[in-house]
Amino acid sequence: MSVARAAPPAPHPALAIEGVTCSFASAHEKGAVYTAVRDVHFTVGTGEFVSIVGPTGSGKSTILNVIAGLLAPSAGRAVVFGEDLHGINPHAGYMFQADALMPWKSALDNVAAGLEFRGVPRAEARERARPWLARVGLDRFGERFPHQLSGGMRKRVALAQTLIVDPKIILMDEPFSALDVQTRQLMENELLDLWSADRKSVVFITHDLEEAIALSDRVLVLSAGPGARLIGEYRIDIDRPRDVADIRMTPRFLDLHREIWSQLRDEVLKGYAQTKLQ
Amino acid sequence: MAATPRPKRLPGRPVILLLQSFVLVGFFLLWHVLTATNIMSPFFFGTPLAVLERTWKDFASGVIWYHLYITLLETLLAFAIGTVAGIVFGFWFARAPLVSAVFDPYIKAVNALPRVVLAPIFMLWLGLGIWSKVALGVTLVFFIVFFNVYQGVKEVSPVVLANARMLGASSRDLLRHVYLPSALAWVFSSLHTAVGFAMVGAVVGEYLGSAAGLGYRIHQAEGVFDTVGVFSGMLVLTIFVIVIDAVVTVIEKRLLHWRPQEAHTTGAQG
């Protein structure tokens, strides 16, 4: 399974998170500080698919926002291809958990938007967006507006919208959590297909451990918040290409699942206790 | 399956239209009977036939067209100027929190002022021509548009905004592709109100002092106890409003086609 391109070994990982801590002024108490994540370290290699799992409220999205450059960490830094990140990360594409399409633009114009922002004339951007819509199976729906599409279709548009600008790092924040199980597995397989065609670094956030194992090369486990830390790291040595529905039954998958879950379960329980307290 | 759900099993549209016309005819009939039998004095209430005849004459002889033109011109100018000013200031206030915080009580104070009291001032400043009416209309339209743009810019979904930024949007791109469409959606949803207020400004201004326009016509008729003339003026004004409202509905539908279809119960029926 060697990569055909004879690229020189990259001197830097695609992404390095070094001692990142994020604190916010508490919304409940005046003057109090809420620390979402504390002293998080990890790297993501070029072409690597890394998932971060953790209980609800463990600051998973916070980490992703730091990598995206939407949020400046209180301490520590994000290093992208060897360079300190300041402002929006120009190498990253971000697929949000909530609907992020522009509701006043058609599906085609939404996909074309990233190119337009990069100075491509509108007509050409639309032409180049067409094959991308086709790749996510929506070539007949280009003129529809987001509200005229189903939840799964909107996610596909968002995927094409993110990928068309060819980001080197793709950030995904529970992108499929709002979908039903069947649509979700279809989308996961589609994501793997698109990813394996042109390997990019992926940071995938989910609270669904099965999804994380099925998709990733590596799974990172985050403790319950506040002050969440990385407490575990697991290499997923299951062969690719994978079918996310099939591999869930394989012994290796089940072993990994048991192993990671034994650690994650305690954190989930802690997280649950916390939310009950509030 | 494709049938539209009708919760209370309303009859079809033609039946409704028929019933609606019955109400209109019934109203005129009642008016006619009451005035013809002198239960209601024709001097104070006019008669429907006289009103229709007067209206018809005004249109046929062409006198009314000039006045309609003036009122329309004032309405459109008030609407255009008020909208542009509202958009500019709405954007400015929404993007500059300090400005918005400082001016907030004054904006509210001016908006709370009944605008009719400004009419005499505008007449002193701008004379009896169309501009004093336009100014009055602008003060009405401006605040509607201003508040809607302000809200539209403030309520842009942070996720949509973050997404556009991640896709490489510059602040100019954000303005054009995110803030403006969002704000315009709010403006268009208040289009009916804004146009209506522009017209109120024009007609009230004319009524209080002018030499032309529908408000002037009504005022003139009232001055000589010409009840028929007053009612005829009101009839023309009503028709004018219905036509404008229908045009606005068409424009609204074309510009907001990206929006989810809501139940359109209000509309061209006026």
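This one's a predicted model, so the numbers in the text were calculated from it and none came from an experiment. Order of the sequence lines sets the chain letters (A, B, ...), proteins ahead of strands, with each chain counted from 1.
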Subject >> Nearest heavy atoms of F96(A) and A162(B), plus distance in Å >> reply: CZ-CB, 3.7 Å
Original post:
For Q97(A), is it the side chain, the backbone, both or neither that has a heavy atom under 4.5 Å from a heavy atom of chain B?
Top reply: neither
**OP:** To the nearest 0.5 Å, tell me how far N110(A) CG sits from H177(B) NE2.
**Re:** 11.0 Å
**OP:** Please state whether the side chain, the backbone, both or neither of R176(B) comes within less than 4.5 Å of a heavy atom of chain A.
**Re:** side chain
Subject >> D99(A), part contacting chain B, at a heavy-atom distance under 4.5 Å >> reply: backbone
Original post:
Atom CZ in F117(A), atom CZ in R165(B): separation rounded to 0.5 Å?
Top reply: 12.0 Å
Subject >> F103(B) CZ: over 12 foreign heavy atoms closer than 6.0 Å >> reply: no
Subject >> Interatomic spacing from OG1 in T162(A) to CE in M166(B) - rounded to 0.5 Å >> reply: 9.0 Å
**OP:** Counting only heavy atoms closer than 4.5 Å, note whether I164(A) contacts chain B via side chain, backbone, both or neither.
**Re:** neither
Original post:
CD1/I88(A) to OG/S170(B) distance, rounded to the nearest 0.5 angstrom?
Top reply: 12.0 Å
**OP:** Against chain A, label A164(B) side chain, backbone, both or neither, depending on which of its atoms sit under 4.5 Å from a heavy atom there.
**Re:** both
Original post:
Which bit of V156(B) is near chain A, if near means a heavy-atom gap under 4.5 Å: side chain, backbone, both or neither?
Top reply: neither
Original post:
Above 12 or not: heavy atoms from other molecules or residues under 6.0 Å from CZ of F204(A)?
Top reply: yes
Original post:
Is the closest side-chain heavy-atom distance between Q161(A) and N163(B) below 4.5 Å?
Top reply: yes
Original post:
Does OH belonging to Y69(B) count more than 12 external heavy atoms closer than 6.0 Å?
Top reply: no
Subject >> Spacing of CH2 belonging to W104(A) relative to OG belonging to S182(B), to within rounding of 0.5 Å >> reply: 4.5 Å
Original post:
Which value, rounded to the nearest 0.5 Å, describes the distance between D173(B) atom CG and R118(A) atom CZ?
Top reply: 10.0 Å
**OP:** For F122(B), look at atom CZ and say whether over 12 heavy atoms of other residues, nucleotides or ligands are found less than 6.0 Å away.
**Re:** yes
Original post:
Would the number of heavy atoms belonging to other residues, nucleotides or ligands and lying under 6.0 Å from CZ of R126(A) be above 12?
Top reply: yes
